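Inspection log for the structure reproduced underneath, given as structure tokens.
Small disclaimer: the values here were computed from a predicted structure and weren't measured.
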Amino acid sequence: MDLNKLRNIGISAHIDSGKTTLTERILFYTGRIHKIEEVRGKSGVGAKMDSMELERERGITIQSAATRVNWHGLDINIIDTPGHVDFTVEVERALAVLDGAILVLCSVSGVQSQSITVDRQMRRYNVPRVAFINKMDRSGADPFKVTSDLRTKLKHNAALVQYPIGAEDDFKGVVDLLTRKAMYFDGDAGETVRTEDCPEELKDAVEEYRAILVEKLGDFDDDIMEKFLEGEEVTAEEMVPAIRKGTLSMGLTPVFCGSAYKNKGVQPLLEGVREYLPTPMDITNTAFDLDKGEEKVVLESTNDAPLCALAFKLEQGKYGQLTYIRIYQGMLKKGDFIYNQRTSKKVKVGRLVRMHSNEMEDLEEAGAGDIVALFGVDCASGDTFTDGETNYSVESMFVPEPVISYSISPKDKNASANFSKALNRFSKEDPTFRVSRDEESNETIIAGMGELHLDVYIERMKREYKVETIVGEPQVAYRETISQTTDFNYTHKKQSGGSGQYGRVAGQLRRIEEGAENMHYNFVDKITGGVIPREYISSCDNGFQQGMEKGVLIEAPVTGLEVELNDGQYHQVDSSDMAFQIAARAAMKEAMRAAKPIILEPIMKVQVEGPEEFQGAMQTTLIRRRGVIVGSEAKHGGVVIDANVPLAEMFGYSTELRSNTQGKAEFTMEFAQYDKVPNNVQEDLIKKHQEAKANK
């Protein structure tokens, strides 16, 4: 396969910007489907890429879906990712293995809260992107304002490569700023692209925006800059490589516009994917060489190199576990034996397929740069596969910590086998969905990124496994830390016939400063003169970490501590690994009580959007929930309010918001940071915790 004719791209955006509708049009124009279905279609069929029944009912994307299309000889692997923040790991997974992306923005709402999150994720994985301003047919469409938003809010060097012909009901097509040609989209589904000269009344505006584009391209091409300064004509042929260079370096974001729903502007966007987004060879992918102390190595995008592939997504299909993999280098053939680097197990490639949403086609082989799927391979998300000769591990993706949990049990005790099966499968598929057992109450606890995240899994359990569940009250993932530095000096001494236990640890407990790289725990070994033998230092470290599992106020996990061990004592006979672990654990508890412990709570970044007349009501609903308003902006008769609100106060918020705005406002939220709870809330939490313990 010619890698110059392959693109691996994702389509990402804020919820409800039209990503899935855009993907549906791409499938149609590339001949992958022969009839367009809408996301909330009357036919009940739903969009091709929303293959899950729940997705079709709710009209949102929950799982990222993969497909492959061919656009005039260009192969494009597309992953349609969710926009809802509760499914943020799906976006992370996709971006970790993609080479380029289309950032979809609504022409009315512009850059929204989730657009900012998605953009941050793209930056984390250095993913070059083009922007597509969608919904140009909507009332209040303003692509110039959205392009300006890209510059100010996301700090992109954004430049329109098209000029819209009309807007709102009058949106007819686009003018290509490179060629100055107008494009109209005829036929029942916009499948026929008609090219004409630029309309007379738009010529001045087109020249103005073309000059802005040419000036920006001068930063990437000296010849263009020279011609621009001397007022000479720059041709479309000269501009394309400069736009590509700017896009690949992430120094430029080309902006397209259109209306996927009205079948306008999608084909030029596909040409933009061909011209400006990277091939697998344009991207530097790295792995860690485990034989050389995790030294970074650059992977070669060739079929001749030893195999290195990453399992980035798991799905349970009707034929067993489906594992999506990205092949970075080497070839993968049906019948090959491959090695899982994490488990050191050899597995056989029984079936190799290419996915098209929930349909598949069998393959005999796949090469470097491709995204395919395997059947019947036991692995976890983030595992690296090699041919056994190289000992590489591809960097796994960033997985955020859960912020909310429910206790859950099956209504019918006979359903417990299916209940366990479902939980095992979901936690294997989704690293942000955690399952644990509360030893004291003997309850099963599920934890995740938000109410919607966990509700979807509870609903899936009911539909896919026929398990009705009893769900406890949502529990917020509180944390504990300290507010002042404290010295500790603790001796553990036990003498009761036979060998005793002895260990003394001394040092200092400090709060880790905000912005430190590892915010959770840091151990500083300052032991000199052998007062604690070297073999017991790691025992002390383990003991301190065990002491952080439960805090001293509400038994929440402890975070943000630095422990300095600088003194101690041991006994020739009675000291042991266990003695020092116990000493460190008890020292941690004692020091925490003395260090003015505080409770931290998850704070959510909440964005509420609704009509301007309800601005006061919307702000009141947030302030009533201990929210801090951080900004508001008027947009086309509506208003967008940004606030930081404790997660504990957000339960049932959608009902209150609807009733206070006649159902006209909506909100999104995502985790922002942990922050100290107010004193009165801390006292209530401690009191509730003590009552709950007394009642057990």
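- With hydrogens and angles ignored, the 3.5 Å screen pairs no side-chain donor or acceptor of Ser405 with any backbone N or O of Ile446.
- At least one donor-acceptor pair under 3.5 Å links the side chain of Glu480 to the backbone N or O of Ala556.
- Side chain to side chain, Gln501 and Asp574 fail the donor-acceptor criterion of an N or O pair below 3.5 Å.
- Within the model, atoms CD of Gln546 and CD1 of Ile582 stand 9.0 Å from one another, a figure rounded to the nearest 0.5 Å.
- Of all heavy-atom pairs between Gly627 and Val645, the closest is CA-CG2, 3.9 Å.
- Looking at heavy atoms from C-beta onward, Val563 lies out of side-chain contact with Arg510 at the 4.5 angstrom threshold.
- Within 6.0 Å of NZ in Lys688 there are 12 or fewer heavy atoms belonging to other residues, nucleotides or ligands.
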> Where do Tyr536 and Tyr570 land on the ring pair (Phe, Tyr, Trp, His ring centres under 6.0 Å) test, with the steps shown first?
Replying inline: CA-CA 9 Å; Tyr536 297 138; Tyr570 76 106; 7.2 Å; no
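- A donor and an acceptor atom, one from each side chain of Gln545 and Asp541, are located under 3.5 Å apart.
- Listed by chain and residue number, Arg437 satisfy the side chain to side chain donor-acceptor pair (under 3.5 Å) test with Thr444 (two or more places apart in sequence, or in another chain).
- For Leu561 against Ile512, the heavy-atom pair with the smallest separation is O-CD1, 3.3 Å.
- The shortest non-hydrogen separation linking Pro646 to Arg625 is CD-O, 3.6 Å.
- The side-chain heavy atoms of Asp567 and Val531, taken from C-beta on, include a pair separated by under 4.5 Å.
- Phe523 and Tyr521 have parallel rings, their planes meeting at less than 30° on a 0 to 90° scale where 60° marks the start of perpendicular.
- Donor-acceptor pairing under 3.5 Å is recorded for the side chains of Tyr502 and Gln569.
- Ser575 places no side-chain N or O within donor-acceptor distance of the main-chain N or O of Gln572, the cut-off being under 3.5 Å.
- Enclosure of atom CZ in Arg658 is not indicated, since only 12 or fewer non-hydrogen atoms of other residues, nucleotides or ligands lie within 6.0 angstrom.
- Within the 4.5 Å cutoff, the side chain of Ile598 has heavy atoms near those of the Gln682 side chain.
- For the residue pair Asp577 and Ser539, a side-chain donor N or O sits within less than 3.5 Å of a side-chain acceptor on the partner.
- Nearest approach of Cys540 to Ala584, heavy atoms of both residues: O-CB, 3.3 Å.
- The 12-atom threshold is not exceeded at NZ of Lys687, counting heavy atoms of other residues, nucleotides or ligands nearer than 6.0 Å.
- No hydrogens or angles considered: a donor-acceptor pair under 3.5 Å links the side chains of Thr621 and Tyr653.
- A donor-acceptor pair under 3.5 Å is absent between the side-chain atoms of Ser416 and the main chain of Phe419, judged by distance alone.
- In terms of heavy-atom proximity, Gly560 sits nearest to Thr481 at O-OG1, 3.8 Å.
- Using a 4.0 Å cut-off between charged nitrogen and carboxylate oxygen, Glu549 and Arg585 do not count as a salt-bridge pair.
- The neighbour count for Glu473 CD, taken as heavy atoms of other residues, nucleotides or ligands under 6.0 Å away, does not exceed 12.
- With respect to Arg624 and Glu656, a salt bridge is recorded, a charged nitrogen being found less than 4.0 Å from a carboxylate O.
- Between Pro557 and Met548, the closest side-chain pair of non-hydrogen atoms is not below 4.5 Å.
- Counting heavy atoms from C-beta outward, Leu647 and Ile603 have side chains that stay 4.5 Å or more apart.
- A donor and an acceptor atom, one from each side chain of Gln607 and Gln112, are nowhere located under 3.5 Å apart.
- Within the 4.5 Å cutoff, no side-chain heavy atoms of Ile404 are placed close to those of Val476.
- Side chains of Asn414 and Lys411: no donor on one and acceptor on the other come within 3.5 Å.
- Ring geometry for Tyr324 versus Phe312: interplanar angle of 30 to 60°, hence tilted.
- Lys466 places a side-chain N or O within 3.5 Å of a backbone atom of Arg463 that can act as its donor or acceptor partner.
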> Yes or no on ring pair (Phe, Tyr, Trp, His ring centres under 6.0 Å) for Phe544 and Phe488, after CA distance, side-chain angles and deciding distance?
Replying inline: CA-CA 12 Å; Phe544 290 128; Phe488 62 85; 5.6 Å; yes
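- Between Phe614 and Asn660 the shortest side-chain heavy-atom distance does not fall below 4.5 Å.
- Contact of the Ile599 side chain with the Ile554 side chain is registered, since non-hydrogen atoms from C-beta on lie closer than 4.5 Å.
- For Lys589, the NZ atom is densely surrounded, since the number of other residues' heavy atoms within 6.0 Å is greater than 12.
- Judged by distance alone, with hydrogens and angles left aside, the side-chain atoms of Glu443 form no donor-acceptor pair with the main-chain N or O of Ser407 at under 3.5 Å.
- If you check the side chains of Tyr465 and Arg460, you find no donor sitting under 3.5 Å from an acceptor.
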